[in-house]
Enquirer: 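Pasting in a structure now, in structure tokens, and then I'll have a few things to ask.
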Amino acid sequence: MGFTVAIDGPAAAGKGTISRAVAQTFGFAHLDTGLLYRATGRKLLETGFSPEESAKAVVPEDLERDGLRTQAVAELASRVATIPEVRAALVAFQRDFARREGGAVLDGRDIGTVICPDAEVKLFVTASAECRAERRFRELKEAGQAARLEDVLDEVRKRDARDMGRSDAPLRPAEDAVTIDTTDMSIEEAVAVAEAAVRAKLEEAI
Ligand code: CDP
């Protein structure tokens with residue numbers, strides 16, 4: 001039986017950590033859909049293909065490659081993500097993943113609204129831009145990447161504006177999503193709220 005958990009939200013709100021924890025706790029597979037857009041951006045740089053051709057050329061192994069998590073690739077990803085043909089080329093892969101046996105967690109921007117409108121659980125994970133910039137700044141420092149907090153905040157705001165303002169699949173909570181604002185929460189608390197929402201739906205499904 002398929003069971004899909006859709007987790008959406010802006011950059012650095014805690015989606016990734018929550019998704020990995022939920023997947024591990026319930027034994028579900030996990031897809032970070034941002035990697036599809038990042039890999040598309042990188043394919044475009046490496047091949048000179050059009051954005052649409054680049055999206056069609058992405059294979060699962062591309063998601064495992066190093067270097068996808070840099071700020072530069074994130075910026076490129078959010079640009080190609082505004083192109084409807086790119087988004088369309090990536091739909092089938094995400095929907096197949098979502099309905100796999102044994103359950104799946106997908107995190108991104110449009111999972112609950114466009115990719116999996118029938119997901120059993122929909123979460124919208126958010127936090128203030130300042131808080132997200134600080135978290136991303138710490139992550140970058142820990143990964144040994146040079147960055148200034150002001151620049152990271154600026155980048156977070158620009159990406160929010162692009163993700164929320166685009167006409168195709170803009171970032172917004174699905175009507176039936178549970179919103180988790182992690183600004184004043186520890187990651188453990190946020191994970192606990194997410195897991196409680198999943199557990200409640202799983203109990204209903206039995
Ligand atoms: O990890 P972070 O939240 O910084 O970025 P990401 O989830 O890897 O996504 C990078 C970019 O891809 C986002 O800024 C979005 O523009 C785009 N994206 C999207 O449009 N739809 C998705 N389902 C996932 C990512």
Side-chain angles (χ1 to χ4, degrees), residues 4-20 30-44 51-52 54-55 58 62-98 104-117 119 122-129 131-140 142-143 145 147 151-174 177 180 182 187 190:
T4 309
V5 182
I7 305 187
D8 292 305
K15 293 186 308 282
T17 309
I18 293 174
S19 302
R20 282 189 296 274
H30 171 222
L31 178 64
D32 171 354
T33 65
L35 289 179
L36 293 169
Y37 296 89
R38 289 172 182 257
T40 300
R42 194 151 77 171
K43 187 74 81 185
L44 185 144
E52 183 181 4
S54 301
V58 168
D62 290 330
L63 311 184
E64 312 283 331
R65 289 176 58 196
D66 288 339
L68 284 179
R69 304 234 176 240
T70 64
Q71 292 282 93
V73 175
E75 167 78 18
L76 194 58
S78 88
R79 288 176 186 276
V80 296
T82 63
I83 303 171
E85 290 78 11
V86 165
R87 306 199 70 84
L90 298 173
V91 168
F93 180 80
Q94 296 176 80
R95 289 199 177 137
D96 286 348
F97 192 97
V105 182
L106 284 81
D107 73 283
R109 302 289 189 283
D110 63 340
I111 308 303
T113 49
V114 174
I115 302 295
C116 305
K122 295 181 190 177
L123 305 176
F124 191 80
V125 180
T126 187
S128 72
C131 167
R132 290 184 286 119
E134 243 169 72
R135 288 183 195 159
R136 184 51 48 99
F137 175 68
R138 256 184 279 133
E139 275 172 20
L140 289 169
E142 276 161 29
Q145 293 187 42
D151 295 340
V152 178
L153 179 58
D154 191 47
E155 195 267 348
V156 159
R157 289 204 170 114
K158 264 203 277 188
R159 215 137 59 84
D160 280 358
R162 201 179 289 136
D163 289 349
M164 292 175 196
R166 67 181 175 223
S167 50
D168 190 19
L171 171 64
R172 60 174 179 81
I180 307 177
T182 66
I187 193 64

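Keep in mind that what you see is a predicted model, and the values were worked out from it rather than measured. All ligand and atom numbering here is 1-based and tracks the order in the structure.
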Enquirer: Would you name the heavy atoms of L31 and F93 that are closest together and state the gap between them?
Expert: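 Distance-wise, the nearest heavy atoms are CD2-CE2, 4.0 Å.
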Enquirer: Could you find the nearest protein heavy atom to atom 15 (C) of ligand 1 and give me its residue, atom name and distance?
Expert: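 The protein heavy atom lying closest is D163 OD1, 3.3 Å.
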Enquirer: Side chain, backbone, both or neither: which part of A13 has a heavy atom under 4.0 Å from ligand 1?
Expert: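 No part of A13 comes within reach of ligand 1.
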Enquirer: From H30 NE2 over to I7 CD1, what is the distance, rounded to the nearest 0.5 angstrom?
Expert: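 The distance works out to 7.0 Å.
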Enquirer: Mark up the atoms of ligand 1 that fall under 4.0 Å of a heavy atom belonging to S78, in ascending order.
Expert: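 Matching atoms, with element in brackets: 14 (O), 16 (O).
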Enquirer: For atom 11 (C) of ligand 1, which candidate among R38, R162, R159 holds the nearest heavy atom?
Expert: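 Looking at heavy atoms only, R159 sits closest to atom 11 (C) of ligand 1.
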Enquirer: Name the closest protein heavy atom to atom 12 (O) of ligand 1, giving the residue it belongs to and the distance to 0.1 Å.
Expert: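 Residue, atom and distance for the closest contact: Y37 CB, 3.6 Å.
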Enquirer: Yes or no: does K15 have any heavy atom under 4.0 Å from an atom of ligand 1?
Expert: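 It does, in that a heavy atom of K15 comes within the 4.0 Å cut-off of ligand 1.
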Enquirer: Salt-bridged, K158 to E155, with N to O below 4.0 Å?
Expert: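 Not counted as a salt bridge, because no side-chain N and carboxylate O are separated by less than 4.0 Å.
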Enquirer: Quick one: OG1 on T82 to CZ on R87, what's the gap to the nearest 0.5 Å?
Expert: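 Nearest 0.5 Å value for the OG1-CZ distance: 8.5 Å.
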Enquirer: Passes side-chain hydrogen bond (donor to acceptor under 3.5 Å, both in side chains), T17 versus R135? Steps please.
Expert: CA-CA 12 Å; T17 309; R135 288 183 195 159; over 6 Å; no
Enquirer: For atom 20 (O) of ligand 1, which of the options E155, R87, R109 provides the nearest non-hydrogen atom?
Expert: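 Selected option, by shortest heavy-atom distance: R87.
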Enquirer: Suppose I only count heavy atoms of A12 and a 4.0 Å limit; which atoms of ligand 1 are within that range?
Expert: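 Selected atoms, number and element: 3 (O).
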Enquirer: State whether E142 and R138 are salt-bridged, where the test is any N-O pair (Lys NZ or Arg NE/NH1/NH2 against Asp/Glu carboxylate O) under 4.0 Å.
Expert: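 The answer is no: the pair does not qualify as a salt bridge.
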Enquirer: Counting non-hydrogen protein atoms only, what is the nearest one to atom 17 (C) of ligand 1? Give residue, atom name and distance.
Expert: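 Result: A81 CB, 3.7 Å.
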Enquirer: Do any nitrogen or oxygen atoms of D32 come within less than 3.5 Å of a nitrogen or oxygen of ligand 1?
Expert: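 No.
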Enquirer: Return yes or no for this condition: an N or O of D110 is under 3.5 Å from an N or O of ligand 1.
Expert: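 N/O-N/O distance under 3.5 Å: yes.
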Enquirer: Of the backbone atoms (N, CA, C, O) and the side-chain heavy atoms from C-beta on, which set of R136 has a member under 4.0 Å from an atom of ligand 1: side chain, backbone, both, or neither?
Expert: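 It is the side chain that gets close, since no backbone atom is under 4.0 Å.
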Enquirer: With a 4.5 Å heavy-atom cut-off, do I83 and E52 have their side chains touching?
Expert: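 A side-chain contact is absent here, since even the closest heavy-atom pair is not under 4.5 Å.
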Enquirer: Check each heavy atom of R166 against ligand 1 and say whether those closer than 4.0 Å belong to the side chain, the backbone, both or neither.
Expert: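 Near ligand 1, R166 shows its side chain, while the N, CA, C and O stay back.
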Enquirer: Would you find a donor on one side and an acceptor on the other, under 3.5 Å apart, between the side chain of D8 and the backbone of G112?
Expert: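 It does hold such a pair.
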Enquirer: Should D110 and R166 count as an ion pair when the cut-off is N to O under 4.0 Å?
Expert: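 Salt bridge flag = no for R166 with D110.
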Enquirer: Which residue and non-hydrogen atom of the protein lie closest to atom 24 (C) of ligand 1, and at what distance in Å?
Expert: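 Minimum-distance protein heavy atom for atom 24 (C) of ligand 1 reads T33 OG1, 3.4 Å.
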